[in-house]
Undergrad: 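Have a look at this one before I ask anything.
Every number for a ligand or one of its atoms is a count from 1 in the order of the listing. Numbers here are sequence positions counted from 1.
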Amino acid sequence: MSLTLTAPERERILAKAALFAPPSNVLPDGRRDLVGLSREELLAEVLVAGEQKFRAKQLWHWIYHQGVTDFSRMSSIARPLQEKLSEKFVIGRPQVALDQLSKDETRKFLFKFRDNEAVETVYIPDPIEDRGAVCISSQVGCTLSCRFCHTGTQRLARNLSPAEIVGQFMAARDAYNEWPSPKGETPRLLSTIVLMGMGEPLYNYENVAQAMKIVMDGEGIGLSRRRITLSTSGVVPMMDRAGEELGVNLAVSLHAVRDDLRDELVPLNRKYPIKDLIAACKRYPGASNARRITFEYVMLKGINDSETDARALVYLIAGLPAKVNLIPFNPWPGSSYETSSPHAIRKFADIVMEAGYSSPIRTPRGQDILAACGQLKSMAPVNPAIPAPLG
Ligand code: SAH
Ligand code: SF4
């Protein structure tokens, strides 16, 4: 696709996203949820309520820095104003409908929203260091039906709002009591975001972007863009925009090196073939040797895991600051693929590494609770013998 074709295509994608818009942030009782508003929108609410400008800054701090959900805990705000605010507004959180802990400490939440739609969010603690990543969903379901992905079997119900996207992270922090202490220590456990949960983030670009701007705001949660990775199945026209506006790390779900195979595994390839995808990666702003593009490659036995594939992969990404994450296929109920053998994965990794690219083999995390890559779906567990919910 030429660059000139990209702008109208982008408009078409944004118009389609609007058809799956999330419900309003006003509760049935008329109160508005302040979570998810941009700084400008929050200021507008404060001014409409007849309050002074600096109150917006105070609210922002309490909501996003301290993680407070109750106006009565905002000690810099006098009681009468706390009461007035609580009559007009709420500071919402998704509801924890299910909370499961894997034997490897990975924790999966099923978060339910006000309209009863739900998504899964996963916290993946680092096995060595005292930190971890929160894997966030961007849509309820997905319109793309990648053949190896459980989410892909769930029809798109709707897009998530900025409040629901940032709310997954905030609710996960609540669960670990990971907000700064009054002494000001910074939270470490939940310090990275990967947009790798349910849905295609670039098909819900505007809401994802607003949520990430909130997360990156230095006076609130304050995560740097280097701590955020957005994974896309290859929505080429939106990649440039995400790079320019957000500058977050990019992960691309490649999974095949030939169009005929990728057409089958990642059907979006029929629209944006490999050549265009790689060109978009080459243009991606901010990609450098210090900030590489991650190519995700699911290892499917006998499908995409040959040595010829590995060599073709290296050829394809030549010249790009890249690394390749090899993800052993995670099975799910009804899936029709098998995971490549450890030997085939090792061999594949070696070829990529010898060509000068880092090629880590991702250890599956949380498989016992269907929390690993591609296993998420908005549903209760299939296996009743699942560990009891925490807390
Ligand atoms: N929709 C986005 C982000 C979510 S998926 C995307 O497709 O990139 C996160 C990663 O898990 C993607 O690379 C996806 O292709 C991969 N994945 C999906 N199903 C999988 C499975 N069953 N086993 C291993 N990885 C899978
Ligand atoms: Fe959607 Fe990503 Fe799953 Fe494909 S891999 S169906 S784009 S969530």
Side-chain angles (χ1 to χ4, degrees), residues 13 17 20 106 108 119-122 124 133-160 165 168 193-205 208 212 228-236 238-239 242 248-256 261-272 277 280-281 293-301 303-305 322-340 345 360-367 370-378:
I13 292 169
F20 290 91
T106 298
K108 182 170 83 166
V119 295
E120 294 191 318
T121 305
V122 182
I124 312 146
V134 186
C135 177
I136 286 183
S137 294
S138 54
Q139 300 184 301
V140 184
C142 191
T143 47
L144 302 168
S145 16
C146 303
R147 292 277 293 275
F148 46 81
C149 174
H150 203 196
T151 309
T153 65
Q154 184 183 348
R155 191 183 58 78
L156 177 69
R158 65 170 175 82
N159 283 325
L160 295 187
I165 297 167
Q168 294 169 62
I193 288 182
V194 293
L195 282 157
M196 294 187 182
M198 296 165 54
E200 169 48 58
L202 294 187
Y203 270 170
N204 183 21
Y205 178 73
V208 166
M212 291 308 110
I228 301 173
T229 301
L230 183 150
S231 173
T232 180
S233 55
V235 184
V236 167
M238 301 308 296
M239 285 167 62
V248 295
N249 302 321
L250 181 70
V252 172
S253 296
L254 187 63
H255 307 316
L261 181 59
R262 197 165 187 272
D263 280 352
E264 196 187 314
L265 297 178
V266 184
L268 185 64
N269 194 67
R270 294 177 203 152
K271 204 173 243 156
Y272 310 119
L277 181 57
C281 292
I293 294 177
T294 302
F295 287 96
E296 295 161 284
Y297 197 95
V298 62
M299 299 297 296
L300 304 168
K301 186 181 210 159
I303 307 277
N304 63 355
D305 61 352
K323 73 173 207 178
V324 179
N325 260 355
L326 299 174
I327 319 175
F329 168 66
N330 294 307
W332 36 271
S335 59
S336 54
Y337 293 107
E338 280 178 76
T339 311
S340 305
I345 300 180
I361 302 168
R362 206 172 302 157
T363 317
R365 301 290 302 273
Q367 261 188 338
L370 285 182
C373 290
Q375 292 184 317
L376 306 185
K377 193 168 176 175
S378 312

Undergrad: Does some side-chain heavy atom of Arg262 sit less than 4.5 Å from a side-chain heavy atom of Leu254?
TA: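 Contact flag for Leu254/Arg262 side chains = yes.
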Undergrad: Show your working on side-chain contact (heavy atoms from CB on, under 4.5 Å) between Gln168 and Val134 and close with a plain yes or no.
TA: CA-CA 9 Å; Gln168 294 169 62; Val134 186; 5.9 Å; no
Undergrad: Which heavy atom of Val252 sits nearest a heavy atom of Cys281, and at what distance?
TA: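 Smallest interatomic distance, heavy atoms only, reads CG2-SG, 3.8 Å.
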Undergrad: Need the ligand 2 atom indices (1-based, order shown) with element for anything under 4.0 Å from a heavy-atom of Ser233.
TA: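 Counting from 1, the qualifying ligand atoms are 7 (S).
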Undergrad: Please identify which atoms of ligand 1 are closer than 4.0 Å to at least one heavy atom of Thr232.
TA: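 So the answer, numbered in order with elements, is 6 (C), 8 (O).
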Undergrad: Considering distance alone, does some N or O of Gly199 sit under 3.5 Å from an N or O of ligand 1?
TA: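 The answer is yes, given that Gly199 and ligand 1 share an N or O pair closer than 3.5 Å.
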Undergrad: Using a heavy-atom cut-off of under 4.0 Å, does the side chain or the backbone of Cys149 touch ligand 2, or both, or neither?
TA: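 The side chain, only.
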Undergrad: Less than 4.5 Å apart, any side-chain heavy atom of Ile13 and any of Tyr205?
TA: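 No, their side chains stay 4.5 Å or more apart.
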Undergrad: Answer with yes or no whether Gly152 contacts ligand 1, where contact means a heavy atom under 4.0 Å from a ligand atom.
TA: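 No; Gly152 lies far enough from ligand 1 that no heavy-atom distance drops under 4.0 Å.
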Undergrad: Can you list the ligand 1 atoms lying under 4.0 Å from a non-hydrogen atom of Trp332?
TA: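 With Trp332 as reference, the close atoms of ligand 1 come out as 22 (N).
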Undergrad: Please could you name the atoms of ligand 1 that Gly197 approaches to less than 4.0 Å, counting only its heavy atoms?
TA: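 So the answer, numbered in order with elements, is 4 (C).
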Undergrad: Mind checking whether Thr151 and Gln139 have side chains closer than 4.5 Å, heavy atoms only?
TA: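 When only atoms from C-beta onward are counted, Gln139 and Thr151 do not touch, as no gap falls below 4.5 Å.
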Undergrad: Among all protein heavy atoms in this structure, tell me which lies nearest to atom 2 (C) of ligand 1, with the distance rounded to 0.1 Å.
TA: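 Scanning the protein heavy atoms, the shortest distance from atom 2 (C) of ligand 1 goes to Ser231 O, 3.5 Å.
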Undergrad: I'd like to check Ile303 versus Leu261 (side-chain heavy atoms, cut-off strictly below 4.5 Å). Are they in contact?
TA: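 In short, these two side chains touch, coming nearer than 4.5 Å.
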Undergrad: Do Arg147 and Leu300 have side-chain heavy atoms sitting under 4.5 Å apart?
TA: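 SC-SC contact between Arg147 and Leu300 ruled out.
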Undergrad: In the structure I gave you, are the side-chain heavy atoms of Arg365 and Val122 within less than 4.5 Å of one another anywhere?
TA: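 With C-beta onward as the side chain, the pair stays apart.
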Undergrad: Quick one: nearest non-hydrogen protein atom to atom 4 (Fe) of ligand 2, plus distance?
TA: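 Its nearest protein heavy-atom neighbour is Cys146 SG, 2.3 Å.
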Undergrad: For ligand 1, is there an N or O atom under 3.5 Å from any N or O atom of Asn330?
TA: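 N/O-N/O distance under 3.5 Å: yes.
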Undergrad: Test side-chain contact (heavy atoms from CB on, under 4.5 Å) on Tyr203 and Leu268; report intermediate values, then the result.
TA: CA-CA 12 Å; Tyr203 270 170; Leu268 185 64; 3.4 Å; yes
Undergrad: Is the shortest N/O to N/O distance between Phe148 and ligand 1 below 3.5 Å?
TA: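 Yes, at least one N or O pair falls under 3.5 Å.
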Undergrad: Would you mind running through ligand 1 and noting each atom that sits below 4.0 Å from a heavy atom of Ile327?
TA: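 That gives atoms 24 (C), 25 (N) of ligand 1.
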Undergrad: Among all protein heavy atoms, pick out the one at the shortest distance from atom 10 (C) of ligand 1; state its residue, atom name and that distance to 0.1 Å.
TA: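 Looking at atom 10 (C) of ligand 1, the protein heavy atom closest to it is Glu296 OE2, 3.6 Å.
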Undergrad: Below 4.5 Å, heavy atoms only, C-beta onward: do Met212 and Ile165 meet side chain to side chain?
TA: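 Contact flag for Met212/Ile165 side chains = yes.
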Undergrad: Side chains of Glu296 and His255, heavy atoms from C-beta outward: is any pair under 4.5 Å?
TA: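 Side-chain contact under 4.5 Å: yes.
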Undergrad: Which of the atoms in ligand 1, numbered in the order shown and given with their element, are less than 4.0 Å from a heavy-atom of Val298?
TA: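 Counting from 1, the qualifying ligand atoms are 23 (N), 24 (C), 25 (N).
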Undergrad: Does Cys142 put an N, O or S atom under 2.8 Å from atom 1 (Fe) of ligand 2?
TA: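 Coordinating: yes.
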Undergrad: Please identify which atoms of ligand 2 are closer than 4.0 Å to at least one heavy atom of Gly152.
TA: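 Near Gly152, the atoms of ligand 2 are 6 (S).
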Undergrad: Which residue holds the protein heavy atom closest to atom 6 (S) of ligand 2, what is that atom called, and what is the gap in Å?
TA: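 Nearest protein contact, heavy atoms only, for atom 6 (S) of ligand 2 is Leu144 O, 3.0 Å.
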Undergrad: Going by the atom numbers of ligand 1, which of them fall below 4.0 Å from some non-hydrogen atom of Glu200?
TA: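 Close to Glu200: 1 (N), 2 (C).
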Undergrad: Give me the ring orientation class for His150 and Trp332: parallel if the planes are under 30° apart, tilted from 30 to 60°, perpendicular past 60°.
TA: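 Judged by the thresholds at 30° and 60°, the geometry between His150 and Trp332 is parallel.
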Undergrad: Glu200 and Thr232: side chain to side chain donor-acceptor pair (under 3.5 Å), yes or no, with the steps?
TA: CA-CA 6 Å; Glu200 169 48 58; Thr232 180; 2.9 Å; yes
Undergrad: Just need the protein heavy atom nearest to atom 6 (C) of ligand 1, so name the residue and atom and give the distance.
TA: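 It is Ser253 OG, 3.4 Å.
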Undergrad: Return the residue, atom name and 0.1 Å-rounded distance of the protein heavy atom closest to atom 5 (S) of ligand 1.
TA: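 Protein heavy atom with the smallest distance to atom 5 (S) of ligand 1: Met196 O, 3.8 Å.
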Undergrad: With atoms numbered from 1 as shown, which atoms in ligand 2 lie under 4.0 angstrom from a non-hydrogen atom of Gly199?
TA: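 Going through ligand 2 atom by atom, the ones under 4.0 Å from Gly199 are 8 (S).
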Undergrad: Atom 24 (C) of ligand 1: which of Cys149, Gly374, Cys373 has the nearest heavy atom?
TA: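 Going through Cys149, Gly374, Cys373 one by one, Cys373 has the nearest heavy atom to atom 24 (C) of ligand 1.
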Undergrad: What pair of heavy atoms forms the shortest contact from Gly197 to Cys135, and how long is it?
TA: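 So the minimum-distance heavy-atom pair works out to N-SG, 3.4 Å.
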Undergrad: List ligand 1 atoms under 4.0 Å from His255, heavy atoms only on the residue side.
TA: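 With His255 as reference, the close atoms of ligand 1 come out as 13 (O), 14 (C), 15 (O).
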